Amino acid sequence: GVPQDHTEAVKWYRKAGDQGHANAQFSLGYAYETGFGVPEDKAKAAEWYRKAAAQGGGKKGAHAEISAAERLLAGGISAIAATLTTYPLDTIGSQMAVAGGAKGGLVEVGKQIVERGGVGGLYRGLSATVASDVWGIGVGFFLYDTVNAAFKQTFGRAPRAHEKGMVGGTCACLSMSLAMPLEVVMTRMRVQGLPGYPVVYESTLDCLRTVAREEGVRALWRGIVPAYLKVFPMIFTSYFVFETLSKRQGVGGLRRYIE
């Protein structure tokens, strides 16, 4: 609604800080520490940080830390919502990608799947995918938030853009390692029934048991190294670019880059 002006923002933070608002005092401390809208002054930064700390660090109310269980729950719910929304597209893509798979465009292949197996055909292997995504994405969010919180507690500052990229990429690879067996199951369940891919698995659990018994437990992690090579740079780049551009543009206010 107004042009971005860090100096003007600091002026209003100061007015609020002088009246005892801890959030504003915390933001002023960060402004002086980094030279964000004011000349850099470590002594003044420490002074405002002390004032904010005396009132709880400016983290009360809306800025309270969420618990580990809440992080895990939020990640799991987001995974379920994303999976239910996009799963039919994943099914269509899988059946178009395999040798001897469905032919035609996106809508045409979708119609073919519905004709063969009803609407449920678009959701074949859904239970494995939901379990995989809840486990993978949920744990990924949990690890990312937990490691960032631990980083700030240890070093007394929020991770920088490249550090968040490293944390994000590493956590994504860890969560992928846990979810990979379900990814293997999901892929096989989606394509069985196509020409050259007979129906051999009755359920997610049956697929897990059969693959482990007939191909060895290691087969459940087949393709994990290429997946790492794809996921780590992708997640690292996403976090790094997002955090760098957000900070450059001042998105989220001054507090965002210290909390």
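Computed over heavy atoms, backbone and side chain alike; hydrogens, waters and symmetry mates excluded. Keep in mind the model is a prediction, meaning the values are calculated, not measured.
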Visitor: State, with a plain yes or no, whether a side-chain heavy atom of Leu28 is found less than 4.5 Å away from one of Lys51.
Guide: no
Visitor: Answer yes or no: is there a donor N or O on one side and an acceptor on the other, between the side chain of Trp221 and the main chain of Ser177, under 3.5 Å?
Guide: yes
Visitor: Quick one: CG on Asp41 to OH on Tyr32, what's the gap to the nearest 0.5 Å?
Guide: 7.0 Å
Visitor: State yes or no: do Val139 and Met176 share one hydrophobic cluster built from I, L, V, M, F, W and Y residues joined by side-chain heavy-atom distances below 4.5 Å, directly or via other members?
Guide: no
Visitor: Shortest non-hydrogen contact from Val184 to Leu220?
Guide: CG2-O, 3.3 Å
Visitor: Around atom CE of Met166, are there more than 12 heavy atoms from other residues, nucleotides or ligands closer than 6.0 Å?
Guide: no
Visitor: Output yes when Glu8 and Lys11 qualify as a salt bridge under the 4.0 Å nitrogen-oxygen rule, no when they do not.
Guide: yes
Visitor: Does the side chain of Asp206 reach to within under 4.5 Å of the side chain of Val200, using non-hydrogen atoms?
Guide: no
Visitor: Evaluate the salt bridge (Lys or Arg N to Asp or Glu O under 4.0 Å) criterion for residues Arg157 and Glu33: first the C-alpha distance (whole Å), next the side-chain angles of each, then the deciding distance (0.1 Å), finally the verdict.
Guide: CA-CA 11 Å; Arg157 62 174 177 82; Glu33 180 184 9; over 6 Å; no
Visitor: Taking the side chain as everything from C-beta on, heavy atoms only, tell me whether Tyr239 gets closer than 4.5 Å to Val167.
Guide: no
Visitor: Looking at CD of Gln25 and NE2 of His21, how far apart are the two atoms once the value is rounded to the nearest 0.5 Å?
Guide: 9.0 Å
Visitor: How far apart are the C-alpha atoms of Leu106 and Leu89, what are their side-chain angles, what is the distance that settles it, and do they pass the side-chain contact (heavy atoms from CB on, under 4.5 Å) test?
Guide: CA-CA 8 Å; Leu106 185 68; Leu89 295 175; 4.1 Å; yes
Visitor: To the nearest 0.5 Å, what is the distance between CG (Leu143) and SG (Cys173)?
Guide: 11.5 Å
Visitor: Could you walk me through whether Arg160 and Phe151 pass the side-chain contact (heavy atoms from CB on, under 4.5 Å) check?
Guide: CA-CA 10 Å; Arg160 299 187 176 93; Phe151 184 103; over 6 Å; no
Visitor: Under a single-linkage definition using a 4.5 Å side-chain heavy-atom cutoff for Ile, Leu, Val, Met, Phe, Trp and Tyr, are Ile80 and Leu126 assigned to the same hydrophobic cluster?
Guide: yes
Visitor: Kindly compute the distance separating CZ (Arg218) from CD1 (Ile224), expressed to the nearest 0.5 Å.
Guide: 12.5 Å
Visitor: How far apart are the closest heavy atoms of Thr244 and Ala161, and which atoms are they?
Guide: OG1-CB, 3.4 Å
Visitor: Can you tell me how far apart CZ (Phe236) and NE2 (His162) are? Round to the nearest 0.5 Å.
Guide: 7.5 Å
Visitor: Heavy atoms only: give me the nearest Ile92-Gly110 pair and the separation to one decimal.
Guide: CD1-CA, 3.8 Å
Visitor: Please check if the distance between the ring centroids of Phe232 and Tyr228 is under 6.0 Å.
Guide: no
Visitor: Provide the closest heavy-atom pair for Gly17 versus Ala24 in the form atom of the first, atom of the second, distance.
Guide: N-CB, 3.7 Å
Visitor: Examine Met180 and Leu229 and state if one hydrophobic cluster contains both, with Ile, Leu, Val, Met, Phe, Trp and Tyr joined whenever side-chain heavy atoms are less than 4.5 Å apart.
Guide: yes
Visitor: Test side-chain contact (heavy atoms from CB on, under 4.5 Å) on Val211 and Arg188 and set out the steps.
Guide: CA-CA 10 Å; Val211 172; Arg188 297 193 181 201; 3.5 Å; yes
Visitor: Do Val185 and Leu205 have side chains that approach each other closer than 4.5 Å (heavy atoms only, starting at C-beta)?
Guide: no
Visitor: Just how far is it from atom CZ of Arg209 to atom OG1 of Thr204, taken to the nearest 0.5 Å?
Guide: 11.0 Å
Visitor: Take Lys152 and Asn148, measure what side-chain contact (heavy atoms from CB on, under 4.5 Å) needs, and give me the verdict at the end.
Guide: CA-CA 6 Å; Lys152 186 172 186 297; Asn148 278 327; over 6 Å; no
Visitor: What's the shortest heavy-atom distance between Ala31 and Val10, and which atoms?
Guide: CB-CG2, 4.1 Å
Visitor: Check whether more than 12 heavy atoms from other residues, nucleotides or ligands sit under 6.0 Å from atom CZ of Phe141, and answer yes or no.
Guide: no
Visitor: Between Gly37 and Thr7, which heavy-atom pair has the shortest distance, and what is it?
Guide: O-OG1, 3.5 Å
